[in-house]
Protein chains: 2
Amino acid sequence: MNEDTKLDAAFSALAHPARRAILARLAQGAATVNVLAEPLDMSLPAVSKHIRVLENAGLISRGKDAQFRPCTLNAQTLETVANWTDQYRYIWEARFDAMDNILGSMKGNKDE
Amino acid sequence: MNEDTKLDAAFSALAHPARRAILARLAQGAATVNVLAEPLDMSLPAVSKHIRVLENAGLISRGKDAQFRPCTLNAQTLETVANWTDQYRYIWEARFDAMDNILGSMKGNKDE
DNA sequence: TCTTTATTTAACCATTTGGTTATTTAGTCA
DNA sequence: TGACTAAATAACCAAATGGTTAAATAAAGA
């Protein structure tokens, strides 16, 4: 899978609040499908589908323990996303730099 | 619009390569719809829709100059996305910390 | 073996998405 | 005014998404 396609899958997986909730839960450690489903207001098959989306996007991995399928967070994929957004960091920081300059010159004027 | 809904819109807007290409172009400065459409392999109305998606997600803003509607990047929204992913940074960094520890202890063994 | 638990799959449905072509709107310029 | 340019809107379509309920699969436990 090429980089662009990976980003498509990751961003689109992150676009649903239930899926972000699942990731937030997994940040605290592995969990089974039932545990992940418990706080979510939807049927188990719906959760199962969300989990598959996350897995296909490389955001989680699944194990096998008896009849349980414990999920674990795959944070490296989130790092890929972070790296993408970081391309633009200098732009949103420039806004604050500009603000700093304005505040700085105001302070300068006041001092002089 | 609440924080969760904003993230839904932002992530889902970022999930399409054409839209990421538009943002990449806008990082170099404002551009009209026609200019943004030029490198994209799709009709102008299709681009128009993508632009609307980006605008609704707060990722771009549009101006008005005669019959042109110049678009500009709204990097603050990307910052919101970056802040969300940053929640998980300690997790993907932990992987490298663990690696460092392994490498560190190997080096330690070698030295002793 | 029979039952229970965990999870997935199947079948279905409504809505959204991403594209198209044709048309319309708005502004410029000769 | 009339022709041209930029962009949006309308109408349409196929495919994907996100949910449902019912049924199937797989492993554990009595």
Side-chain angles (χ1 to χ4, degrees), chain A residues 1 4-26 29-73, chain B residues 1-2 4-26 29-74:
Chain A
M1 213 197 283
D4 231 43
T5 311
K6 275 185 213 165
L7 282 172
D8 289 358
F11 278 126
S12 128
L14 295 174
H16 196 291
R19 289 193 291 258
R20 290 197 305 278
I22 289 171
L23 294 182
R25 170 60 188 79
L26 291 178
T32 66
V33 177
N34 270 293
V35 168
L36 291 171
E38 199 276 322
L40 301 176
D41 191 25
M42 63 180 70
S43 69
L44 216 53
V47 175
S48 200
K49 284 189 188 183
H50 284 301
I51 286 174
R52 176 171 300 277
V53 171
L54 289 168
E55 190 181 17
N56 289 341
L59 286 161
I60 68 172
S61 303
R62 350 199 35 188
K64 183 180 278 194
D65 174 13
Q67 70 265 56
F68 305 90
R69 296 294 127 82
C71 302
T72 55
L73 185 61
Chain B
M1 213 197 281
N2 80 81
D4 231 44
T5 311
K6 274 185 214 166
L7 282 172
D8 289 359
F11 278 125
S12 128
L14 295 174
H16 196 292
R19 289 193 291 258
R20 290 198 306 278
I22 289 171
L23 294 182
R25 171 60 188 78
L26 291 177
T32 65
V33 178
N34 270 292
V35 167
L36 292 171
E38 199 276 323
L40 302 176
D41 192 23
M42 61 180 70
S43 69
L44 218 53
V47 175
S48 200
K49 285 189 186 183
H50 284 301
I51 286 174
R52 176 172 299 276
V53 170
L54 289 168
E55 190 181 17
N56 289 340
L59 286 161
I60 68 170
S61 303
R62 348 197 37 188
K64 184 180 277 195
D65 175 15
Q67 69 266 56
F68 305 88
R69 295 295 127 80
C71 302
T72 56
L73 185 61
N74 237 232

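A, B, ... follow the sequence lines: proteins, then strands. Residue 1 opens every chain. Bear in mind the structure is a predicted one, so any value in this text is a computation, not a measurement.
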Protein-nucleotides 13-18 of chain D N/O pairs closer than 3.5 Å?
residue : atom : partner : partner atom : Å
D:dG18  : OP2  : A:Arg19 : NH1          : 3.1

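- Summary of the strand contacts: A:Ala46 and B:Arg62 both lie near DNA chain D, and taking for each the nucleotide with the nearest heavy atom, the more 5' one is attributed to B:Arg62.
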All N/O pairs under 3.5 Å across the protein-nucleotides 24-28 of chain D interface:
none

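- To the nearest angstrom, P of C:dT7 lies 14 Å from CG of A:Leu40.
- Annotation: side-chain hydrogen bond (donor to acceptor under 3.5 Å, both in side chains) contacts involving residues 63-72 of chain A, sequence neighbours excluded, are absent.
- Of the side-chain N and O atoms in B:Ser43, one or more sit less than 4.0 angstrom from OP1 or OP2 of C:dT20.
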Cut-off 3.5 Å, no hydrogens considered: what does the side-chain donor-acceptor table look like for residues 5-13 of chain B, sequence neighbours left out?
residue : atom : partner : partner atom : Å
B:Thr5  : OG1  : B:Asn2  : ND2          : 2.6
B:Asp8  : OD1  : A:Arg20 : NH1          : 2.9
B:Asp8  : OD1  : A:Arg20 : NH2          : 2.7

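- Applying the 4.0 Å criterion to OP1 and OP2 of C:dA6, one finds that A:Thr32 has every side-chain N and O outside that range.
- The shortest heavy-atom contact between A:Arg25 and A:Ala30 is NH2-O, 3.9 Å.
- Between the axis at the start and the axis at the end of the helix from C:dT1-D:dA30 to C:dA30-D:dT1 there is an angle of 10°, using five pairs per end and rounding to 10 degrees.
- One atom, CD of A:Glu55, and another, P of C:dT9, lie 10 Å apart when rounded to the nearest Å.
- One interatomic measurement links the two molecules: CD of A:Glu38 to C1' of C:dT7, which rounds to 17 Å at whole-angstrom precision.
- The nearest whole Å value for the distance from the CD1 atom in B:Ile51 to the C1' atom in C:dG19 is 15 Å.
- Distance, B:Leu44 CG to D:dA10 C1': 16 Å, rounded to whole Å.
- Note: CG (B:Leu54) to C1' (C:dG18) measures 14 Å, nearest angstrom.
- Map A:Phe68 and A:Pro45 each onto its nearest nucleotide of DNA chain C; the residue landing nearer the 5' end is A:Phe68.
- The side chain of A:Ser48 contributes an N or O atom lying less than 4.0 Å from OP1 or OP2 of C:dT8.
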Pairs of donor and acceptor atoms involving the side chains of residues 31-56 of chain A, under 3.5 Å and at least two apart or interchain, shall be tabulated with distances.
residue : atom : partner : partner atom : Å
A:Thr32 : OG1  : A:Val35 : N            : 3.3
A:Ser43 : OG   : A:Ala46 : N            : 3.4
A:His50 : ND1  : A:Arg19 : NH1          : 3.1
A:Asn56 : ND2  : A:Arg52 : O            : 3.4

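- Looking at B:Leu26 and B:Ile60, their side chains come closer than 4.5 Å, going by heavy atoms from C-beta outward.
- When the C1' atom of C:dA6 is taken as reference, atom CZ of A:Arg52 falls 15 Å away, rounded to whole Å.
- Within the structure, every side-chain polar atom (N or O) of A:Asn34 is placed at least 4.0 Å from both OP1 and OP2 of C:dT5.
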